[in-house]
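What's counted below: heavy atoms across the whole structure, side chains too, no hydrogens, waters or symmetry copies. Each chain gets a letter, A, B and so on, in the order the sequences are listed, and its residues count up from 1.
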Number of protein chains: 2
Amino acid sequence: MLLANQPLRVDECNCNAMRRASRQITRFYDAHLEPTGLRITQFLTLAVLDEVGSAAINALAERLDIERTAMGKMAGFLERDGLIKIRPSPTDGRSRLIELTEKGRRLHAEAAPLWREAQRQFEQLNGAKNVTELRRGLRKMVVGSLATSSSED
Amino acid sequence: MLLANQPLRVDECNCNAMRRASRQITRFYDAHLEPTGLRITQFLTLAVLDEVGSAAINALAERLDIERTAMGKMAGFLERDGLIKIRPSPTDGRSRLIELTEKGRRLHAEAAPLWREAQRQFEQLNGAKNVTELRRGLRKMVVGSLATSSSED
DNA sequence: GACTGATAAGAGCATATACCCATATATTTA
DNA sequence: TAAATATATGGGTATATGCTCTTATCAGTC
């Protein structure tokens with residue numbers, strides 16, 4: 001019962017450890033992508049579009065596990081910068097399809113090797129084994145239904 | 001060399017895995033803290049202040065590894081809500097000391113068991129062993145000097 | 001004491017994220 | 001077929017984060 005009176009161990013906060021690491025690695029990858037002016041999230045969006053050709057906002061959001069309204073806003077920035085074009089879906093009047101412009105394709109092609117270098121360096125710094133384990137640990141992390149409700153409208 | 005022409009494996013992006021997990025766990029902890037109206041970052045700031053009593057913006061930022069200007073802004077919100085008070089440092093005219101108000105102390109005390117519950121549930125969902133390993137993996141992650149330059153003005 | 005370099009903090013600008021509420025379209029049900 | 005329900009998207013609001021540039025104060029050196 002003495003535990004109740006002890007100060008919180010901020011260092012033991014799982015969420016803090018995660019957010020902290022996330023900020024660090026984001027800065028790392030963003031710095032690598034900096035010559036293209038892209039942030040990692042933007043780059044990944046371009047990458048998904050490059051892979052699937054064309055996708056609706058929600059599909060993109062699901063693929064990258066980003067909140068859909070956030071994805072919609074980011075799509076706006078990418079369109080503003082001429083990297084994507086957005087058009088209504090021919091089969092669903094509610095839906096909008098996003099695809100890369102030629103400019104977006106080129107920028108993606110320019111950014112891809114930079115991303116690969118970031119991946120390579122990250123592995124070099126941490127060891128391939130550690131990175132694989134870390135990614136596996138992240139992937140299998142479970143948060144239950146409490147925090148996933150936001151993914152469903 | 002065929003690798004150069006293959007689509008990016010978004011699923012293999014370390015940064016994406018990390019950000020994704022960070023978003024998930026943030027939602028999880030935020031949901032637990034929701035009755036207090038605090039977000040996890042705000043709560044952790046209150047917790048550090050509860051622990052050390054009084055701290056300058058930069059010290060807080062360092063402790064939580066948050067960019068100092070971001071910390072300054074968040075301190076503004078906490079002050080606006082009456083949870084902290086900010087006063088000039090008696091020993092350094094450039095510095096401002098932050099400490100909890102009585103209201104902040106109470107809210108922290110209310111939020112602490114919610115945070116503990118989030119910790120407990122997270123461990124229950126993932127297994128204590130997995131959580132410890134995950135936290136260790138996050139803590140020992142290295143990003144080199146490229147992405148840490150932002151911590152130095 | 002004057003000057004130089006370092007440091008504390010913040011305003012500005014921009015992206016990222018999440019939730020709430022609303023509108024419009026599609027699907028299902030009665 | 002009409003009504004009810006589900007779904008796609010976005011505006012609004014708010015916090016989080018990071019970089020750049022700026023101002024003011026402190027510390028060290030001469």
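Distances from the side chain of A/Gln42 to the nucleotides C/dA16, C/dA9, C/dC21 place C/dA16 closest. Residue A/Thr41 places its side chain closer to C/dT17 than to any other of C/dT17, D/dT9, D/dA16. Closest contact between the side chain of B/Ile66 and the listed nucleotides D/dA16, D/dT17, D/dA8 involves D/dT17. Proximity note for B/Ala70 (side chain, C-beta onward) versus C/dA9, D/dT9, D/dT17: the nearest is D/dT17.
No hydrogens or angles were tested; on distance alone, nothing pairs the side chain of A/Lys73 with the base of D/dG11 as donor and acceptor under 3.5 Å.
The list of side-chain hydrogen bond (donor to acceptor under 3.5 Å, both in side chains) pairs with a residue in residues 69-83 of chain B, not counting sequence neighbours, reads B/Glu67-B/Thr69.
For A/Arg94 and C/dT27, the CZ to C1' distance is 8 Å, given to the nearest whole Å. Distance, A/Asp92 CG to D/dA6 C1': 12 Å, rounded to whole Å. In this structure, the CZ atom of B/Arg68 is 12 Å from the P atom of C/dA11, given to the nearest Å. Atom CZ in B/Arg19 sits roughly 11 Å away from atom C1' in D/dA16 (whole-Å rounding). Whole-Å rounding puts the A/Glu62 CD to D/dT7 C1' distance at 12 Å. Spacing between atom CD1 of B/Ile25 and atom P of C/dA18 amounts to 13 Å, rounded to whole angstrom units. Between B/Glu67 atom CD and C/dG12 atom C1' there is a gap of 13 Å when expressed in whole angstrom units. A/Arg27 has its CZ atom 6 Å from the P atom of D/dC19, to the nearest Å.
Between B/Asn58 and C/dT7, a side-chain N or O to OP1/OP2 separation shorter than 4.0 Å is absent. Dashed line: the shortest gap from a side-chain N or O of A/Ser95 to OP1 or OP2 of D/dT9 is under 4.0 Å.
As judged by a 4.0 angstrom heavy-atom cut-off over every strand, A/Arg20 is placed among residues making no nucleic acid contact. Among the atoms of the strands shown, base atoms are found under 4.0 Å from some heavy atom of A/Thr69.
Salt bridge annotation for A/Glu102-A/Arg105: present, with a cationic side-chain nitrogen under 4.0 angstrom from a carboxylate oxygen. Looking at B/Glu34 and B/Arg27, no side-chain N of the basic residue comes within less than 4.0 Å of a carboxylate O on the acidic one, giving no salt bridge.
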Polar atom pairs between nucleotides 1-5 of chain D and protein, under 3.5 Å, N or O only, would you list them?
none

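Take B/Glu133 and apply the salt bridge (Lys or Arg N to Asp or Glu O under 4.0 Å) test, not counting sequence neighbours, and it matches B/Lys129. Not counting sequence neighbours, the partners of A/Asn14 by the side-chain contact (heavy atoms from CB on, under 4.5 Å) test are B/Ile25, B/Tyr29, B/Gln119, B/Phe122, B/Val131, B/Arg135. With sequence neighbours excluded, the residues that form a side chain to side chain donor-acceptor pair (under 3.5 Å) with A/Ser89 are A/Thr91.
In this structure, B/Thr101 contributes its side chain and B/Leu83 its backbone to a donor-acceptor pair below 3.5 Å.
Each of A/Gly93 and A/Arg39 was matched to the nucleotide of DNA chain C holding its nearest heavy atom; the match closer to the 5' end belongs to A/Arg39.
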Please tabulate, for side-chain N and O atoms in residues 35-47 of chain A, each donor-acceptor pair with protein atoms closer than 3.5 Å (sequence neighbours left out).
{"unit_1": "A/Thr36", "atom_1": "OG1", "unit_2": "A/Leu33", "atom_2": "O", "d": "2.6"}
{"unit_1": "A/Thr36", "atom_1": "OG1", "unit_2": "A/Leu38", "atom_2": "N", "d": "3.2"}
{"unit_1": "A/Thr41", "atom_1": "OG1", "unit_2": "B/Arg19", "atom_2": "NH2", "d": "2.8"}
{"unit_1": "A/Gln42", "atom_1": "OE1", "unit_2": "A/Arg39", "atom_2": "N", "d": "3.1"}
{"unit_1": "A/Thr45", "atom_1": "OG1", "unit_2": "A/Thr41", "atom_2": "O", "d": "2.9"}

